[in-house]
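Keep in mind the model is a prediction, meaning the values are calculated, not measured. Every number for a ligand or one of its atoms is a count from 1 in the order of the listing.
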Amino acid sequence: MTLREMDEAGHEHVAFYRDESTGLRCIVAVYDSRRGPAVGGTRMLDYDDEADALEDALRLSEAMAYKTAAAELPLGGGKAVIVGDPDEKTDDLLRAYGRVVDSYDGRFVTGEDVNIDVADLRVIQETTGNVGGAGGGEGTDVTAAGVVHGLRACFAERGGDDSLDGRRIAVQGVGKVGRALVERLVDEWANVVVADVDEEAVAAVEEEFDVESVAPEAIYDEPCDAFAPCALGGVLNDETISRLECDIVCGSANNQLAARRHADALAERGILYAPDYVVNAGGLVAGVTEMEGGDTAEALERVAAVRDRLESIFETARAEGITPLAAADRFAEARMAEGGESTLF
Ligand code: NAD
């Protein structure tokens, strides 16, 4: 990567590390650290191409910076990727990676992501203290609570009534967040329809709650008041947006839009899109609350801010004739700029 490419991408810092004795090869990217230490998980993948690994680190660190700024936390955004087959992950490699993290002296703090779980974080912790979430925590339910606050803001924006009672909500993905969301929605008397590629996950949710299910591909065509993507990224794309039969999209998944232009495509279809990085800040809020010595009850209180933030984003979008994504980006960018100078160097 060249400095010119960094100018274009907007990142503060991109570093490549290689350790011969353990086989560690990793990239640490910091998009913005003006508000405070850069936080972001570490993912390990056997990327086909090193360019894909770099692209992932750049895209994910940028999203983290927008997420921390939109939540007005005194943090920046970063991300790390370890390039390699997760089946060949060794404790020595993780300890070497911990030394990389430690070299940032607290200016980059990492946590879980794809193929790096709590057990791995505990090994990484042997060589650095700059790890969050190694205790497990209850971030998942706080994330789900944030989605409920987001849905209320969306319904209020659409019609003034924020009640979930009788609303039909389609939940894509009933993993950790999706299941917790279903529980909260059913408690609020919503009518819930779920889909997941994992049949066992669907069966477990159907057993526990009074919900319907449809095949994974059919969830896009399901008539509903709100669609809540809680599985993978990229689900709002050229193929799916034209099929949606909902008024609102509001869910936990990261990077729901395949591209920025899909925010415009949703608006053109009259669908209200709640920007994912605003809605899904609950996990981050839970992590920060835990690091400050607070408990889950406190994190659940703090995550109510998702609703206030969305309300002001919708107001700006309405007043200025822009999409909620554009309004959210503007808010986050202003908060980053307020941070002053980089805290990384
Ligand atoms: P998870 O892995 O526990 O659950 C994801 C579920 O989606 C799984 O059950 C999986 O089978 C299902 N799935 C995968 N592909 C699917 C498809 N095509 N159609 C339907 N279902 C599919 O993950 P999670 O922790 O519940 O996170 C869900 C999403 O929310 C992710 O995008 C994650 O990045 C995001 N997120 C999670 C948190 C958190 O607190 N865990 C915080 C912020 C954002």
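Remark: ligand 1 atoms within the under-4.0 Å shell around heavy atoms of Gly139 are 40 (O). Ligand-side atoms of ligand 1 in range of Gly173: 7 (O), 21 (N), range being under 4.0 angstrom from any heavy atom. Here is the list of ligand 1 atoms found below 4.0 Å of a heavy atom in Ala253: 29 (C), 30 (O), 32 (O), 35 (C). For ligand 1, the atoms sitting less than 4.0 Å from at least one non-hydrogen atom of Asp198 are 11 (O), numbered in the order shown with element in parentheses.
For a threshold of 3.5 Å applied to N or O pairs, the pair formed by Asn280 and ligand 1 contains no separation below that value. Annotation: Gly178 places no N or O atom under 3.5 Å from an N or O atom of ligand 1; distance criterion only.
No side-chain heavy atom of Glu290 sits under 4.5 Å from any side-chain heavy atom of Glu298. In this structure, Tyr104 and Asn130 have side chains that are not in contact, with every pair of non-hydrogen atoms separated by 4.5 Å or more. Residues Leu93 and Ile82 form a side-chain contact, since some pair of their non-hydrogen atoms from C-beta on lies under 4.5 Å apart. Residues Glu212 and Val194 fail the side-chain proximity criterion, which asks for heavy atoms closer than 4.5 Å. Two residues are said to be in side-chain contact when any heavy atoms from C-beta on lie closer than 4.5 Å; Leu58 and His11 meet this criterion.
Cys230 O, 3.2 Å is the protein heavy atom nearest to atom 28 (C) of ligand 1. Scanning the protein for heavy atoms near atom 27 (O) of ligand 1, the closest one is Val177 CG2, 3.9 Å. Nearest non-hydrogen protein atom to atom 9 (O) of ligand 1 is Asp196 OD2, 2.7 Å. Closest protein heavy atom to atom 25 (O) of ligand 1: Lys176 CE, 3.4 Å. Nearest to atom 17 (C) of ligand 1 among the protein's heavy atoms is Val197 CG1, 3.6 Å. Closest protein heavy atom to atom 4 (O) of ligand 1: Gly175 CA, 3.2 Å. For atom 7 (O) of ligand 1, the closest non-hydrogen atom on the protein side is Ala231 CB, 3.4 Å.
Heavy atoms of other residues, nucleotides or ligands lying less than 6.0 angstrom from CG of Asp165 number more than 12.
Taking all atoms of both residues into account, the shortest heavy-atom contact from Pro86 to Asp46 is CD-N, 4.3 Å.
Among Thr143, Asn254, Val147, the residue whose heavy atom lies nearest to atom 34 (O) of ligand 1 is Asn254. Of all the listed residues (Gly283, Ser252, Ala286, Gly251), Ser252 holds the heavy atom that lies closest to atom 35 (C) of ligand 1.
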(request) For the pair Glu333 and Tyr66, evaluate side chain to side chain donor-acceptor pair (under 3.5 Å) and give the outcome as yes or no after the intermediate values. (result) CA-CA 7 Å; Glu333 284 157 14; Tyr66 278 80; 2.5 Å; yes

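A salt bridge is absent between Glu338 and Arg34: the closest approach of a Lys/Arg side-chain nitrogen to an acidic carboxylate oxygen does not fall below 4.0 angstrom. Salt bridge annotation for Glu311-Arg307: present, with a cationic side-chain nitrogen under 4.0 angstrom from a carboxylate oxygen.
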